[in-house]
Every structure is written in structure tokens, then in C-alpha cells.
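See structure below.
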Amino acid sequence: MRVMIDACVLYPTVMREVLLGCAKAGLFEARWSDRILEEWARAAGKLGPAEEVWARGEIAALGASFPQAIVRYDQAQEQQFWLPDPADIHVLTAAVVGSCDGILTMNAKDFPKNILGDEALLRWDPDGFALLLIEQSPQVVTDIAQNVLAEANRLSEAPWSMRALMKKARMPRLGKALERAA
């Protein structure tokens with residue numbers, strides 16, 4: 001399954017680490033465009049120049065880890081698509097050009113299922129998508145989440161529980177599923 005990942009999913013660290021850990025494990029093929037990565041870097045830059053530098057470093061590392069993930073297209077191709085927010089058309093275009101099965105986004109209202117369906121695309125929110133992955137490969141997803149939790153605890157002043165970390169990462173249903181699996 002090939003999935004276009006929107007910038008709003010790549011930018012939160014915990015969410016990104018869980019989902020891209022699943023992609024590294026072969027549970028799905030991650031895709032993005034240069035523009036999506038640039039949106040991530042600019043969003044991080046709103047927190048300060050050091051955050052943007054950090055994001056650009058993370059983006060470079062993604063390029064090395066996922067060399068097949070980048071989807072490039074001629075900007076004129078965007079003119080054949082429509083979405084409620086014209087600023088999101090580039091994500092839809094990249095998904096179609098990249099032969100994706102769906103778009104992973106937190107932004108449901110700007111990616112209506114009927115419009116995506118016309119392009120044979122599904123839309124998933126990160127939490128729901130992670131639940132699909134844990135049904136498919138419970139031990140793999142659990143191990144990935146445990147590694148993310150261990151890193152969060154290493155970097156944090158106070159320890160996190162799995163459920164609290166996933167809730168903060170806007171993946172509360174995954175947190176509950178991981179808690180039940182433990």
C-alpha cells in the first residue's frame with residue numbers, strides 16, 4: 001500500500017516516528033513531495049530558526065532512509081484537480097502522480113472522501129491508520145511504539161506512559177490499543 005503523507009502528519013515528532021517506523025518495517029510505502037517537506041520545515045520555523053534547522057536535518061535524514069518516497073511532478077498538473085482549500089491541491093496531485101492508494105492527513109475537511117474517491121484514493125487520519133497497521137502486524141507496531149516511548153522517556157524530564165504519549169501525539173486510539181496489547 002502506497003500512502004502520501006501530508007505535512008501535518010510529518011511534523012509532530014512522535015506521530016512521525018511511529019508511522020515512519022511502520023513504513024521502515026514494510027507495513028506500507030511512504031510518499032511525499034518536496035513541497036510537503038518544505039511545509040514541514042516552514043511550520044517548524046514558526047517556533048524559531050533553530051527548529052527549522054532541526055526540521056531540515058530530519059528531512060535530509062528521511063531522504064536517506066526513504067529514497068523512493070519523493071514524488072515529483074510538473075506544477076501545471078495541479079490545474080486538473082480541485083479541493084476546498086486550493087493550498088492542499090499539491091498533496092492530491094502528488095498522491096495521484098505517485099500512484100498512491102490514499103492520503104494520510106489530519107485535515108479531513110479539506111480532503112473530502114468523495115473527491116478523493118473520484119481519484120481512487122482513500123483518506124486516513126494517523127490514529128485510524130495506525131489502528132489498521134496494528135491489526136495487520138500487532139507485534140511490529142507494538143515494538144515500534146515501545147522504541148518511540150523509550151526515546152521519549154530518554155529525552156523527557158518526567159516519564160511517559162504509552163497511553164499518555166500517544167494521546168499527546170493525537171493518536172489516542174492507538175494508545176488504548178497498545179495498552180490492551182501489553
Heavy-atom closest contact ([X] atom, [Y] atom, distance):
X: Arg170; Y: Pro12; result: NH2-CG, 3.1 Å
X: Ala181; Y: Thr142; result: CB-OG1, 4.3 Å
X: Pro67; Y: Ala64; result: CD-O, 3.6 Å
X: Ala69; Y: Ala30; result: CB-O, 3.2 Å
X: Ser137; Y: Leu27; result: OG-CD2, 3.3 Å

Cluster check [X], [Y]: I/L/V/M/F/W/Y, side chain < 4.5 angstrom:
X: Leu83; Y: Trp32; answer: yes
X: Ile89; Y: Ile36; answer: yes
X: Ile59; Y: Val53; answer: no
X: Trp54; Y: Leu47; answer: no

Between the side chain of [X] and the main-chain N/O of [Y], is any donor-acceptor distance below 3.5 Å?
X: Asp110; Y: Asp88; result: no
X: Ser156; Y: Pro159; result: no
X: Arg2; Y: Cys100; result: no
X: Asp74; Y: Gln77; result: no
X: Ser161; Y: Ala164; result: yes

For a quick check under 3.5 Å, do Glu78 and Tyr73 share a side-chain donor-acceptor pair by atom type?
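Checked: Glu78/Tyr73 side chains pair up, N/O donor to acceptor below 3.5 Å.
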Would you kindly say whether Glu39 and His90 are connected by a side-chain donor-acceptor distance under 3.5 Å?
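Distance-only check passes for Glu39 and His90.
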Candidate pair Glu51 and Arg56, rule salt bridge (charged side-chain N to carboxylate O under 4.0 Å, His left out), full reasoning:
CA-CA 9 Å; Glu51 294 297 321; Arg56 291 192 185 281; over 6 Å; no
Heavy-atom side-chain contact between [X] and [Y] under 4.5 Å:
X: Met106; Y: Pro126; answer: yes
X: Val14; Y: Lys168; answer: no
X: Val91; Y: Ile103; answer: yes
X: Ser33; Y: Arg72; answer: no
X: Arg123; Y: Thr105; answer: yes
X: Leu121; Y: Asp101; answer: no
X: Val141; Y: Cys22; answer: yes
X: Val18; Y: Leu174; answer: yes

With sequence neighbours left out, write down each residue that passes ring pair (Phe, Tyr, Trp, His ring centres under 6.0 Å) with Trp160, or none if nothing qualifies.
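Checked Trp160 against ring pair (Phe, Tyr, Trp, His ring centres under 6.0 Å); zero matches.
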In Å, rounded to the nearest 0.5 Å, how long is the span from [atom1] of [X] to [atom2] of [Y]?
X: Thr93; Y: Gln80; atom1: OG1; atom2: CD; answer: 7.0 Å
X: Leu92; Y: Glu119; atom1: CG; atom2: CD; answer: 6.0 Å
X: Cys8; Y: Asn107; atom1: SG; atom2: CG; answer: 6.0 Å
X: Leu62; Y: Trp40; atom1: CG; atom2: CH2; answer: 4.5 Å
X: Asp6; Y: Phe111; atom1: CG; atom2: CZ; answer: 4.5 Å
X: Ile134; Y: Arg180; atom1: CD1; atom2: CZ; answer: 8.5 Å

Stepwise, does the side chain to side chain contact (heavy atoms under 4.5 Å, CB included) test hold for Phe81 with Ile115?
CA-CA 9 Å; Phe81 301 106; Ile115 293 173; over 6 Å; no
Do Val3 and Glu29 pass the side chain to side chain contact (heavy atoms under 4.5 Å, CB included) test, and can you show the C-alpha distance, the side-chain angles, and the key distance before you say yes or no?
CA-CA 6 Å; Val3 179; Glu29 294 179 37; over 6 Å; no
Kindly determine whether Met166 and Glu179 satisfy side chain to side chain contact (heavy atoms under 4.5 Å, CB included), including the steps that lead there.
CA-CA 10 Å; Met166 292 301 131; Glu179 189 176 72; over 6 Å; no
Salt bridge (charged side-chain N to carboxylate O under 4.0 Å, His left out) evaluation trace for Arg173 with Asp127:
CA-CA 6 Å; Arg173 294 178 295 163; Asp127 199 22; 3.0 Å; yes
Would you call the rings of Phe28 and Phe129 parallel, tilted or perpendicular if under 30° counts as parallel and over 60° as perpendicular?
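The arrangement is perpendicular - the two ring planes meet at more than 60°.
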Does the salt bridge (charged side-chain N to carboxylate O under 4.0 Å, His left out) test come out yes or no for Glu58 and Arg16, once each step is laid out?
CA-CA 11 Å; Glu58 292 285 316; Arg16 176 181 69 248; 3.5 Å; yes
Before you tell me yes or no, could you show the steps for Ile70 and Asp34 under side chain to side chain contact (heavy atoms under 4.5 Å, CB included), namely the whole-Å CA-CA distance, both residues' side-chain angles and the distance that decides it to 0.1 Å?
CA-CA 7 Å; Ile70 198 78; Asp34 289 323; 3.2 Å; yes
Salt bridge (charged side-chain N to carboxylate O under 4.0 Å, His left out): pairs with one or both residues in residues 134-153, sequence neighbours excluded
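As it turns out, the salt bridge (charged side-chain N to carboxylate O under 4.0 Å, His left out) pairs with a partner in residues 134-153, which skip direct neighbours, are Glu151-Arg154.
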Taking everything shown except Gln75 itself, do over 12 heavy atoms lie less than 6.0 Å from its CD?
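No, because the 6.0 Å sphere around CD of Gln75 holds 12 heavy atoms or fewer from other groups.
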